[in-house]
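Only one structure is covered here, and it is reproduced in the block below.
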Amino acid sequence: MLVRDAMSTVVLTIGPTHTLRQAARLMSARRIGAAVVHDPDTCGLGIITERDILDAVGSGKDPDRETASAHTTTDVVFAAPAWTLEEAAEAMTHGGFRHLIVLDGDGPVGIVSVRDIIRCWAPARRRTPAAAAG
């Protein structure tokens, strides 16, 4: 199975000056765990996740003053739609993160998460004889 089969095509893109509260509100409304942060001044794409927001708020940062840019991961590993789910899972495991921005051409076309991969793999495991025996 490929990343294109598992990824969410709901891609929230925010700017670096969005506050953490604004990012959280937008992510919550769409029921997603990550947003792409596009900084037009650097022409770069980054990612901010629910964990980034939780860590900031938990450490006492003001979600109305802190900006996305201060909590964005910018050394992002990108996936291609044609990657296998195994390749995506290996990249996540190696990098220690749970989301990959999926790029096709110049822009993001999706995000694939650990949860997306598990969702695809779980039905296959239920059909295998080893899973039925265990």
Side-chain angles (χ1 to χ4, degrees):
M1 190 167 269
L2 303 177
V3 165
R4 76 170 49 94
D5 302 318
M7 70 183 191
S8 169
T9 56
V10 177
V11 179
L12 172 63
T13 302
I14 64 172
T17 61
H18 276 80
T19 66
L20 294 184
R21 185 176 308 280
Q22 289 169 324
R25 188 175 291 129
L26 292 166
M27 291 164 58
S28 178
R30 289 164 180 78
R31 303 189 51 76
I32 56 176
V36 173
V37 180
H38 178 250
D39 188 342
D41 293 333
T42 65
C43 295
L45 293 177
I47 191 167
I48 189 165
T49 67
E50 57 198 353
R51 171 88 49 190
D52 297 324
I53 296 169
L54 184 66
D55 288 346
V57 172
S59 69
K61 305 286 185 190
D62 183 346
D64 293 312
R65 292 184 188 265
E66 289 291 311
T67 60
S69 65
H71 302 278
T72 297
T73 300
T74 55
D75 59 339
V76 179
V77 174
F78 298 100
W83 276 19
T84 65
L85 294 184
E86 289 81 7
E87 289 172 305
E90 185 172 322
M92 290 176 185
T93 301
H94 180 73
F97 43 80
R98 298 178 297 158
H99 297 85
L100 287 169
I101 300 171
V102 183
L103 291 183
D104 193 10
D106 291 344
V109 295
I111 293 184
V112 65
S113 69
V114 170
R115 181 177 291 161
D116 296 327
I117 293 171
I118 291 170
R119 204 173 294 138
C120 290
W121 283 348
R125 292 205 182 271
R126 282 185 282 210
R127 291 189 299 268
T128 65

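Residue numbers run from 1 in the order of the sequence given.
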Donor-acceptor contact present, side-chain T73 to main-chain V76, <3.5 Å: no
Quick check: does any side chain N or O of H94 sit under 3.5 Å from a backbone N or O of A91, one acting as donor and the other as acceptor?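 No, the answer is negative, given that no donor and acceptor are paired below the 3.5 Å cut-off.
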Evaluate the criterion side chain to side chain contact (heavy atoms under 4.5 Å, CB included) for residue pair H18 and L26; output intermediate values, then yes/no. CA-CA 10 Å; H18 276 80; L26 292 166; 4.1 Å; yes
Considering all heavy atoms of both residues, which atom of [X] and which atom of [Y] are nearest to each other, and what is their separation?
X: K61; Y: P63; answer: O-CD, 3.3 Å
X: V109; Y: L103; answer: CG2-C, 4.4 Å
X: V102; Y: M7; answer: CG1-SD, 3.7 Å
X: A89; Y: W121; answer: CB-CH2, 3.8 Å
X: P81; Y: L2; answer: O-CB, 3.8 Å
X: A68; Y: I14; answer: CB-CD1, 3.9 Å

Cluster check [X], [Y]: I/L/V/M/F/W/Y, side chain < 4.5 angstrom:
X: W83; Y: M92; value: yes
X: V114; Y: V112; value: yes
X: V77; Y: V3; value: yes
X: V10; Y: I118; value: no

Within the supplied structure, the quantity of interest is the number of heavy atoms (other residues, nucleotides, ligands) at a distance under 6.0 Å from E90 CD; does it exceed 12? no
Would you give the length of the straight line joining atom [atom1] of [X] to atom [atom2] of [Y], rounded to the nearest 0.5 angstrom?
X: I117; Y: M1; atom1: CD1; atom2: CE; value: 11.5 Å
X: L20; Y: M27; atom1: CG; atom2: CE; value: 10.0 Å
X: D39; Y: T17; atom1: CG; atom2: OG1; value: 9.0 Å
X: E50; Y: D55; atom1: CD; atom2: CG; value: 11.0 Å
X: R115; Y: S8; atom1: CZ; atom2: OG; value: 11.5 Å
X: D5; Y: T84; atom1: CG; atom2: OG1; value: 11.0 Å

Apply side chain to side chain contact (heavy atoms under 4.5 Å, CB included) to H71 and I53, showing your working. CA-CA 8 Å; H71 302 278; I53 296 169; over 6 Å; no
Report yes or no: do T74 and T72 form a side-chain donor-acceptor pair below 3.5 Å? no
Among all residues two or more places apart in sequence or in another chain, which pass the side chain to side chain contact (heavy atoms under 4.5 Å, CB included) test with T49?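 Partners of T49 under the side chain to side chain contact (heavy atoms under 4.5 Å, CB included) test: A34, I47, R51, D52, H99.
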Verify side chain to side chain contact (heavy atoms under 4.5 Å, CB included) between I32 and I111, making sure each step is shown before the conclusion. CA-CA 10 Å; I32 56 176; I111 293 184; over 6 Å; no
